[in-house]
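Notes follow once the structure below has been shown.
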2 protein chains.
Amino acid sequence: MRRMPTVKDVAEQAGVSVGTVSRVLSGEASVKPSLRERVNEAIAALGYRPNVTARALRTSKTEVIGLIVPDITNPFFAQMAASVETAAMERSHTVMLASSHNDPEAERHHILAFLDRSVCGIIVAASSGSSDLPSDLPVPIISLDRRLGEFSVVSTNHAQAAALMADHLYGLGHRRISYIAGPPDTEAACVRREAFVKRLAELGETAGPAEVTIHQGKFDYDSGERIARELLSLPPAERPTAIAAASDQQAIGALRAARDLKIDVPRRLSIAGFDDIALAKLVVPRLTTVRQPVEKLAMRAVEVLFDQPFAASDEMIDGSLVVRGSTGPAIAMKPGDITGQHRKRADDLAANKG
Amino acid sequence: MRRMPTVKDVAEQAGVSVGTVSRVLSGEASVKPSLRERVNEAIAALGYRPNVTARALRTSKTEVIGLIVPDITNPFFAQMAASVETAAMERSHTVMLASSHNDPEAERHHILAFLDRSVCGIIVAASSGSSDLPSDLPVPIISLDRRLGEFSVVSTNHAQAAALMADHLYGLGHRRISYIAGPPDTEAACVRREAFVKRLAELGETAGPAEVTIHQGKFDYDSGERIARELLSLPPAERPTAIAAASDQQAIGALRAARDLKIDVPRRLSIAGFDDIALAKLVVPRLTTVRQPVEKLAMRAVEVLFDQPFAASDEMIDGSLVVRGSTGPAIAMKPGDITGQHRKRADDLAANKG
DNA sequence: CTGAAAGCGCTTACAG
DNA sequence: CTGAAAGCGCTTACAG
């Protein structure tokens, strides 16, 4: 466990000053080629690696991006973390990942810890909307998918994406729909819910009203399962014919509940998610969902962080509907309930399912 | 964006020297209470936070643990990361997480990057068995679940756990079994496979031989689905009556394949996994698996890192069988094939399923 | 018990 | 183009 070589060792070995070593390290053009070469040889010979801590102390900058997610066991965020890491790597930056376990206090703690370590920027998928951070932070900070406090956000166009799902279900003839929402203290959950309900109301004016009930949950499997179980315990006539969820995890939980209660999906009940996690196409039946463009989102978040000068504004990328086997035409439709137009769409969609 | 206060600012405000400030910061007992109080007031008034970078440079130590996992999108490792984080937090340490994307080169890169940042210890779930790291690293390093190079490992007793599954399937009367293995360059995959096969051979001597075929895959959904699809395309008489996988992800992929091919699980085919990820009890049917005690493993890994002096040796914790709905008695059993003893066990287990 | 000073390994004006 | 020197914010012998 020998001492690591320092600039000083390299300088001695190369017969130059530490300043010169530092200059070739930073790629400064003004170093005479012969010296540069000697320095590089010394570096190789000694196996020298710059001490990033000393560098950070001197410059107050590192090449690491801090990323905070609400819950790393949520596959959506795991995927997001992987994508951010890839995007960062392309700019030869490292990412430090922390999970806030949905705890705003832990989230705040991690942000401060990142600041303490002089990260060059912070990306946070917020656990809740609020934050009592000062707004004049020393490094750029941007939220991803879920907005933190007053900071800008790169996200899916949650409103557009949620409307897509409303269109889909309404088009299939569903008129009694339950919506499993996400935590009301996250902007994303609220926007998705409101847009879903609003679009359904709009559609209702054209081809007969749809009833929609809202059920507050978290974004996880458990709340999806629990809420669906309650809903599906109602007598068939009062049950929704479709359940839309604010996350795929919730939808997969709902799928589980339907299965336990022996309710056939999609023939007697449609279930749809949001996110398009890897698992969505593995469950039985495959899950209809709205795809969030995670890779793009991650890439944009990283790009924005690097923009000089940093002046992030909100940025949204459209989501897209992915129709699979968990949604189908509504049962017990009275012919008058849907127009020929909608009927046709419903059939098309159903034919298309996975 | 004002300058952060330093020890010097605190010292001035409190009318003491920086040395004294540093001493109260480190909780040194020898500081006179009156001074200590003045320093603490100054700290509070200025909102002072120690600069961890400077501290790290001076002491070559930080309170952060580096954790590297092969793939953060694998739910097992996501859960492991969350558990390590919890265990670290209990000792008020932070964890920096990196994902190697199953690339030994990236893994090596991350280890060196952690070393550069003076982490106080490194935990790595290896992407493959090899490592060309020097063995005299300046900080403790231990592998978790999957061994890295020559380093010690805290893991499930893979051999014991895999044997449990062999017992279970054999006990249910299965005599034609396929095993979907993990990558052969990971020790965990090899140990699980060998133990599974060995136990089956042992059982074969008591109550009739079992045929077992091995199929190499990765640990992910895709390879499970692909391999199962091939296996299940065989004519029924040649098909396995049970498929055991080296991971839950593979098993869930296999479940998907069986479903697509309209093969009833567990009535015509049993499928079993390994890990017991959260999802295992959500899929249809619920997955029989071997539970790895992740929280315990994570906790032990962190504890071992803190042991003074650091002298890690391999440590194993037993896994446990979790019987759910994806396994059942083998079909088309000739009475002679299994003993009454085994028959009874099979029935018991089947009755127990979720 | 406390202060003054050295030093961790870098980078970067400042001279020359 | 390059060297000598200051300084980033701490901690820790060393005196007293």
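What you see below is based on every heavy atom in this structure, not just the backbone, and it leaves out hydrogens, waters and symmetry mates. Throughout, protein chains are lettered first and strands after them, A, B, ... in sequence-line order, and every chain is numbered starting at 1.
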Between A/Thr6 and C/dG9, is there a contact of a side-chain N or O with OP1 or OP2 at under 4.0 Å?
no
Look at A/Thr20 and D/dG3 and indicate whether a side-chain polar atom (N or O) is within less than 4.0 Å of OP1 or OP2.
yes
Residue closer to the 5' end of DNA chain D, B/Arg23 versus B/Pro50 (nearest nucleotide)
B/Pro50
Interatomic distance where [atom1] belongs to [X] and [atom2] belongs to [N] [whole Å]:
{"X": "A/Ile43", "N": "C/dG9", "atom1": "CD1", "atom2": "C1'", "result": "14 Å"}
{"X": "A/Asp9", "N": "C/dG9", "atom1": "CG", "atom2": "P", "result": "9 Å"}
{"X": "B/Glu12", "N": "C/dA4", "atom1": "CD", "atom2": "P", "result": "12 Å"}
{"X": "B/Arg49", "N": "D/dC10", "atom1": "CZ", "atom2": "C1'", "result": "16 Å"}
{"X": "A/Lys8", "N": "D/dA5", "atom1": "NZ", "atom2": "P", "result": "14 Å"}
{"X": "B/Leu25", "N": "C/dT2", "atom1": "CG", "atom2": "P", "result": "15 Å"}
{"X": "B/Arg55", "N": "D/dT12", "atom1": "CZ", "atom2": "C1'", "result": "13 Å"}
{"X": "A/Leu35", "N": "D/dC1", "atom1": "CG", "atom2": "P", "result": "11 Å"}

Electrostatic pair B/Arg146-B/Glu187, nearest N-O below 4.0 angstrom
no
Would A/Arg300 and A/Glu303 pass as an ion pair if we require N to O under 4.0 Å?
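Looking at A/Glu303 together with A/Arg300, the answer is yes, because their closest N to O distance falls below 4.0 Å.
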Test side-chain hydrogen bond (donor to acceptor under 3.5 Å, both in side chains) on B/Glu295 and B/Ser83; report intermediate values, then the result.
CA-CA 5 Å; B/Glu295 297 85 357; B/Ser83 299; 4.8 Å; no
Counting any heavy atom closer than 4.0 Å, what does A/Ser22 reach on the DNA or RNA strands: base, sugar-phosphate only, or nothing?
base
For a quick check of understanding: with a heavy-atom distance under 4.0 Å over all strands, which category does A/Val31 fall into, base, sugar-phosphate or nothing?
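Sugar-phosphate: the residue A/Val31, judged by heavy atoms under 4.0 Å, touches backbone atoms but no base.
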Nearest-nucleotide pick for B/Asn51, side chain only, options being D/dG9, C/dC10, C/dT2
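Nearest nucleotide to the side chain: D/dG9.
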Any donor-acceptor pair under 3.5 Å linking the side chain of A/Asp314 with the backbone of A/Val153?
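Side chain of A/Asp314 to backbone of A/Val153: a pair is present.
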Please check if the side chain of B/Asn74 supplies one atom and the backbone of B/Asp71 the other of a donor-acceptor pair under 3.5 Å.
no
Per nearest nucleotide of DNA chain C, the residue lying toward the 5' end, B/Lys32 or B/Leu57, is B/Lys32
Checking base pairs now: Watson-Crick or wobble, both atom distances under 3.5 Å. What partners C/dT2?
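Pairing partner, where one exists within any strand: D/dA15.
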